[in-house]
Amino acid sequence: MKINIPKNSHGVEPCLALYLRKANRVITQIYDHNMSPYGIKITQFAILRAVSLMGESTNRSLQEVLVLDQTTLSRNLKPLIRDGFLEAIPGNDRREKLIQLTSSGKALFNAAKQGWNQSQKAIAEELGEDMTLKLLEVSDRVVELKM
């Protein structure tokens, strides 16, 4: 089935990747602003949240849940481990490490939830219920395209 993407006011077909990236940058700025009092960015909060919800995780599981490549995940894990918010402990397999929150990581996550909640509320209120639900639906559908 052929989809005709409507051209913009300049007669140019918009780039889907650019549109999604622009929207993502704005949303990231909102979350990062509300995370700044806690000294973390939304990318780091997302990792803390995922580990908190999972109890403990391997790198591979975090990559799958967060849809991140190994390099990006490692870059975001390093400061969280260095600063004592996460710890990597040996798993069943010597090559595998389990990632879990430390007590200070749990405290940071619980405190930073306030900034996350502010962001969630602000974005949802601005978009409205219908658009918020559509955003979640579109995001899930786009993730399904993952190669």
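Every value quoted in this text rests on a predicted model; they were computed, and no experiment measured them. One-based numbering along the sequence shown.
Nearest heavy-atom pair across Lys7 and Pro14 is CA-CD, 4.2 Å. Closest heavy-atom contact between Gln63 and Asp69: NE2-C, 3.8 Å. A pairwise comparison of heavy atoms in Ile81 and Ala88 identifies CD1-CB, 4.5 Å as the closest pair. Summarising the geometry of Gln100 relative to Gly55, their closest heavy-atom pair is CB-O, 4.0 Å, with the distance given to 0.1 Å. Scanning all heavy atoms of the two residues, the minimum distance from Ser104 to Gly84 falls at OG-O, 2.8 Å. In terms of heavy atoms, Ala112 sits closest to Met35 at O-CE, 3.3 Å.
Checking side-chain atoms of Thr132 against main-chain N and O of Gly128 turns up a donor-acceptor pair under 3.5 Å. With Asn24 contributing its side chain and Leu20 its backbone, the two residues share no donor-acceptor pair below 3.5 Å. When atom types are taken as modelled, the side chain of Ser74 and the backbone of Thr71 share no donor-acceptor pair closer than 3.5 angstrom. Between the side chain of Asp32 and the backbone N or O of Lys41 there is no donor-acceptor pair closer than 3.5 Å.
Side-chain contact between Lys106 and Ser52: absent, with no pair of heavy atoms (C-beta onward) separated by less than 4.5 Å. Residues Asn34 and Ile42 fail the side-chain proximity criterion, which asks for heavy atoms closer than 4.5 Å. Taking 4.5 Å as the limit, some side-chain heavy atom of Trp116 sits within range of a side-chain heavy atom of Phe45. For the pair Leu135/Met131, no side-chain contact is recorded, criterion being any heavy-atom separation below 4.5 Å from C-beta on. Within the 4.5 Å cutoff, the side chain of Lys113 has heavy atoms near those of the Asn110 side chain. Looking at Leu62 and Met54, their side chains come closer than 4.5 Å, going by heavy atoms from C-beta outward.
For Phe85 and Phe109, the ring centers sit 6.0 Å or farther from each other.
The CG atom of Leu77 sits 12.5 Å away from the NZ atom of Lys97 when rounded to the nearest 0.5 Å. Interatomic distance, OG1 of Thr28 versus CZ of Arg21, reported as 11.0 Å (0.5 Å rounding). Rounded to the nearest 0.5 angstrom, Leu86 CG and Asn76 CG are separated by 11.0 Å. With rounding to the nearest 0.5 angstrom, the CG atom of Asn59 is 4.5 Å from the CD1 atom of Ile99. Here Thr43 contributes atom OG1 and Leu68 contributes atom CG; the two are 8.5 Å apart, rounded to the nearest 0.5 Å.
With respect to Lys134 and Glu137, no salt bridge is recorded, no charged nitrogen being found less than 4.0 Å from a carboxylate O.
By the neighbour-count criterion of 12 heavy atoms within 6.0 Å, atom CG of Asn92 is sparsely surrounded, having that number or fewer from other residues, nucleotides or ligands.
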Q: Starting from the C-alpha separation in whole Å, work towards a yes-or-no answer on side-chain contact (heavy atoms from CB on, under 4.5 Å) for Lys78 and Arg82.
A: CA-CA 6 Å; Lys78 281 181 186 176; Arg82 179 197 65 219; 5.9 Å; no
**Q.** Stepwise side-chain hydrogen bond (donor to acceptor under 3.5 Å, both in side chains) test for Ser61 and Thr58
**A.** CA-CA 5 Å; Ser61 295; Thr58 63; 3.1 Å; yes
Q | Glu56/Val51 under side-chain contact (heavy atoms from CB on, under 4.5 Å): CA gap, chis, key distance, verdict | A | CA-CA 6 Å; Glu56 65 183 20; Val51 174; 5.8 Å; no
Q) Please walk me through it: do Lys121 and Gln118 pass side-chain contact (heavy atoms from CB on, under 4.5 Å)? A) CA-CA 5 Å; Lys121 182 179 177 188; Gln118 288 173 323; 6.0 Å; no
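Remark: Lys22 qualifies as a cation-pi partner of Tyr19 under the 6.0 Å distance and 45° angle criteria applied to the six-membered ring.
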